[in-house]
Structure formats: structure tokens, C-alpha cells
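Written below as C-alpha cells is the structure these notes are about.
For this chain, numbers begin at 1 and follow the sequence in order. Note that the structure is predicted; figures quoted are calculated from it, not measured.
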Amino acid sequence: MLLLRMKSFRLLTRKSGRLKMLLTEHFCKNQVPCVCLYVSSYHCSKKKKENGYEQVDQERYTNLVRSVTSFKTSPRTPETLFEEDDLMYGPVSKFKSPVTDTETQIPKNWVPLINSNKRTLPPNSDPKCLLKIGLKRHKVPSVTNVLQQTMSSEQAFYLERWKQRMILELGNDGFAEYTKNLFLQGKLFHAALESVFLSDQIPLKGQERDSTVSGYLASVQHVLRDISGVKALESAVHHETLHYSGLVDCVAEYRGQLCVIEWKTSERSKPYLQNTFDNPLQVAAYTGAINHDANYDFQINCGLIVVAYKDGSSAHPHFMDLDLCSRYWNKWLLRLEEYTKKEKNKNISETSQTSPL
């Protein structure tokens, strides 16, 4: 019995020793947390790096910091963004800048667009004769010259930048040749349109008339179908009260309404009226001149700008009704006054320089 107990004790001791060895190996293999704690304590023992934000006035910007960090727990909305802006920049100023839009300015020498002493022709009226009045060299400014001399600084900047870029690409001689060709293309295009109206024939798509203008003619083909009752072609106009002149491309009915029509060519797409820069002012100026020119026994209250493209893509017609023409007429009168003022100051300056002491 005693011998049996001793054997059992030896067996238990041997197993416990083996168990102790297994447990020791197990815990030795899983001492990584201890090592990590040791490394972490080493890093923590380094000198703490200074934080620049600690130098910020904490009391003053407490609300701002809380507002900026609050998006982690609450979604940001336009209202919260406005609150952050108020904290960062202060409340929005309610001051309104002075209005400088030319539509709100009233010309000093205001003349109405419509002439009450003239008749307005009914739609689809047959013209007695096709007017083609030659342009005389009056001592009055032309519409084109007025618009060029009173061009806005922004428009002048972009025009000059385009010019300089083209000179860099083509050189001075190349740019001169390029502008010469543009002028020639426009002249040929207008001549081709005049022949179309005089012959009363609409050119078919792809019809070869002139390789230089065939694309432009194809471009305006759909517009020509809506034009009838041509009353004037390349005809001079003169405003007898405001004393300016010009050469209108065409006066005809567009979809039943008598219009001043200006044909423009462009290398870039101009799908909106604002893309045409000062062309609407030109149309308004010609409209007012016809209404106050005794050579024309009718008057007009609509305009049309047609932008044609050399590649034959569909032209963009921009129709101007009476309201739109009146708005641009007001702007034209302001530009005309600006031009007159500049010319007056220029003459005074030249006189003072040439006068004897």
C-alpha cells in the first residue's frame, strides 16, 4: 500500500514538473506585451515636442475650436458653416456697393429709339425698292469707331492678350496676313449673301460657290429660310439728331418681324448673345439711326445677329426684341456720350499744345 502511494506521488510529481515546463514555455513565448511596454516607456521618456497650437489664445478661440471639431459628432450644414465664418471673420457687412451698371444710368442727351413721326410697316409688306445707299464720308463718327474708342478695359485686355498670343505663334508678318485673310473672308461672305438675296435663291447644302465662303454659307442655310422681304443691303444709315453714321448689313423680315440683321463670322462658338460682345450695341445703334433717317420711310424695333462658322456648323441666330433693343440702345447712348467727351478733351488738349504762348 505504501509502495503504491509512493509510485503515485512520483508520477504526480513528474507530471506536475512537465506541466510546469509547458506553462513556462507558454508564458515565455507570450512576453510580447512586456516588450511593448518597455519600448513605449522608452519613447515616453523622450522630451515632449512642442505644439505650436498651445501658444494660441485658448480662451479667445474656445468657441471656434469647439465649432470646428463638433462636425465629428454632428453633420455640417450651411447654417453651421455660416456660424464658423462669423467666428473666424466676423459678421457679414450689410454695406451695398454703388451700382455701376450702365442700364441704371440715364444718358444726358436721351433720344428715343422709336421715332413717333414715322410709320411702322406691317409684316410681309412688299418693299417698293431695295435700298443700297452708299456711305458718305461725313464729319460724324461711325458706329464702329465709337465702339472701338469706348471699349471697356476688360474687353481691351482680352483683345490685346489674344493679339499677343497670335503674334507669338505666327510672328508679326504672319499675324498681319492672318487678319488680312479674316477681313477678306468677311467681305466675300457678305458679297455672297448679297448675291443670294438679289437672286432670291438659297444655296443648297454642299453647293460649291467659293471654297473660302462655302462653309459660312452652309452654316447660315437654316437661317436664310426664315428671312424674307429684304428692304436694304449694305446700306448707309445716318442719325440726323445724334449725328453718327454706319453701314448696315441687311434690313429684312426674320420670321415675320422687320429686323436690322448683322452677319458675323467666328472661329469660336457663340451660342449666347453675351458672347457677341458689342455687336448688340451695334444693332441698336443702326436701328435707332434708321428710325431717324429720312432716307428710310419705315422704322424698326427688332434686331438679329447671326454668327456663322467656317466649318459649316449650324450658325447661331440671336434675336433682339423691342425690350432688348431698348436696353442696348440706352447703353449705346452712354457709349456715344463717352466718345463725345473724349473727343472734346482731345481737341482741347491739342489746341492748348498748338496755341502760341
Side-chain angles (χ1 to χ4, degrees), residues 119-136 143-144 180-238 245-267 270 276 279 282-283 285-287 289-291 293 295-320:
R119 60 172 182 156
T120 301
L121 292 179
N124 301 319
S125 59
D126 295 328
K128 295 179 180 178
C129 61
L130 184 64
L131 295 173
K132 189 175 175 61
I133 303 172
L135 182 63
K136 297 179 181 179
V143 173
T144 303
K180 180 181 177 181
N181 290 334
L182 281 182
F183 177 77
L184 179 61
Q185 288 176 18
K187 189 175 181 180
L188 292 174
F189 175 50
H190 282 76
L193 286 171
E194 184 176 343
S195 65
V196 169
F197 290 129
L198 291 175
S199 63
D200 200 25
Q201 292 180 0
I202 297 177
L204 299 175
K205 187 175 181 180
Q207 182 178 355
E208 293 294 333
R209 288 177 170 265
D210 189 324
S211 59
T212 307
V213 297
S214 59
Y216 293 128
L217 289 174
S219 178
V220 300
Q221 189 176 170
H222 68 289
V223 181
L224 294 176
R225 294 194 178 97
D226 293 326
I227 293 177
S228 60
V230 179
K231 292 175 175 54
L233 286 173
E234 297 290 331
S235 188
V237 295
H238 176 245
S245 62
L247 192 68
V248 65
D249 288 348
C250 179
V251 176
E253 291 182 9
Y254 174 72
R255 296 180 177 177
Q257 299 196 63
L258 191 60
C259 298
V260 165
I261 303 176
E262 283 296 301
W263 305 96
K264 303 297 180 182
T265 60
S266 176
E267 294 182 346
K270 295 183 177 181
T276 61
N279 294 155
Q282 183 183 20
V283 168
Y286 289 159
T287 301
I290 289 176
N291 294 344
D293 190 333
N295 291 315
Y296 300 86
D297 62 347
F298 56 86
Q299 64 177 341
I300 304 171
N301 54 26
C302 296
L304 179 69
I305 300 170
V306 183
V307 184
Y309 305 107
K310 189 175 182 178
D311 62 359
S313 56
S314 184
H316 286 114
H318 302 292
F319 178 74
M320 297 169 57

**Candidates V248, I305, V237, N301 - the one meeting side chain to side chain contact (heavy atoms under 4.5 Å, CB included) with V260** = V248
Can you tell me how far the [atom1] atom of [X] sits from the [atom2] atom of [Y], to the nearest 0.5 Å?
X	Y	atom1	atom2	result
L217	L224	CG	CG	7.5 Å
H190	Y216	NE2	OH	11.0 Å
T265	L188	OG1	CG	11.0 Å
K310	Q185	NZ	CD	4.0 Å
L130	L198	CG	CG	6.0 Å
I261	I227	CD1	CD1	4.0 Å

[X] and [Y]: which non-hydrogen atoms are nearest, and at how many Å?
X	Y	value
A232	Y296	CB-CE2, 4.4 Å
Q299	L258	O-CD2, 4.1 Å
F197	C250	CE1-SG, 4.3 Å
Y286	G246	CE2-CA, 3.7 Å
A308	S219	CA-OG, 3.7 Å
T287	C302	OG1-O, 4.1 Å

Does [X] reach the side chain of [Y], with side-chain heavy atoms less than 4.5 Å apart?
X	Y	result
L193	V220	yes
F319	R255	no
V283	L304	no

**Prompt:** Hey, what's the ring geometry for F189 with W263, parallel, tilted or perpendicular (30° and 60° as the breaks)?
**Reply:**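 F189 and W263: perpendicular rings.
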**Item:** Ring geometry between H318 and H316 (parallel below 30°, tilted from 30 to 60°, perpendicular above 60°)
**Value:**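 H316 vs H318 ring planes: parallel.
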**Message:** If the condition is salt bridge (charged side-chain N to carboxylate O under 4.0 Å, His left out), which residues does K264 pass it with, not counting sequence neighbours?
**Reply:** E262
**Asked** Considering residues, nucleotides and ligands other than K187, do more than 12 of their heavy atoms fall under 6.0 Å from its NZ?
**Response**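 Atom NZ in K187 is not crowded, with 12 or fewer foreign heavy atoms closer than 6.0 Å.
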If we ignore hydrogens and angles and just use 3.5 Å, is the side chain of [X] paired with the main-chain N or O of [Y] as donor and acceptor?
X	Y	result
N291	I300	yes
S235	I133	yes
D293	H238	yes
K136	G134	no

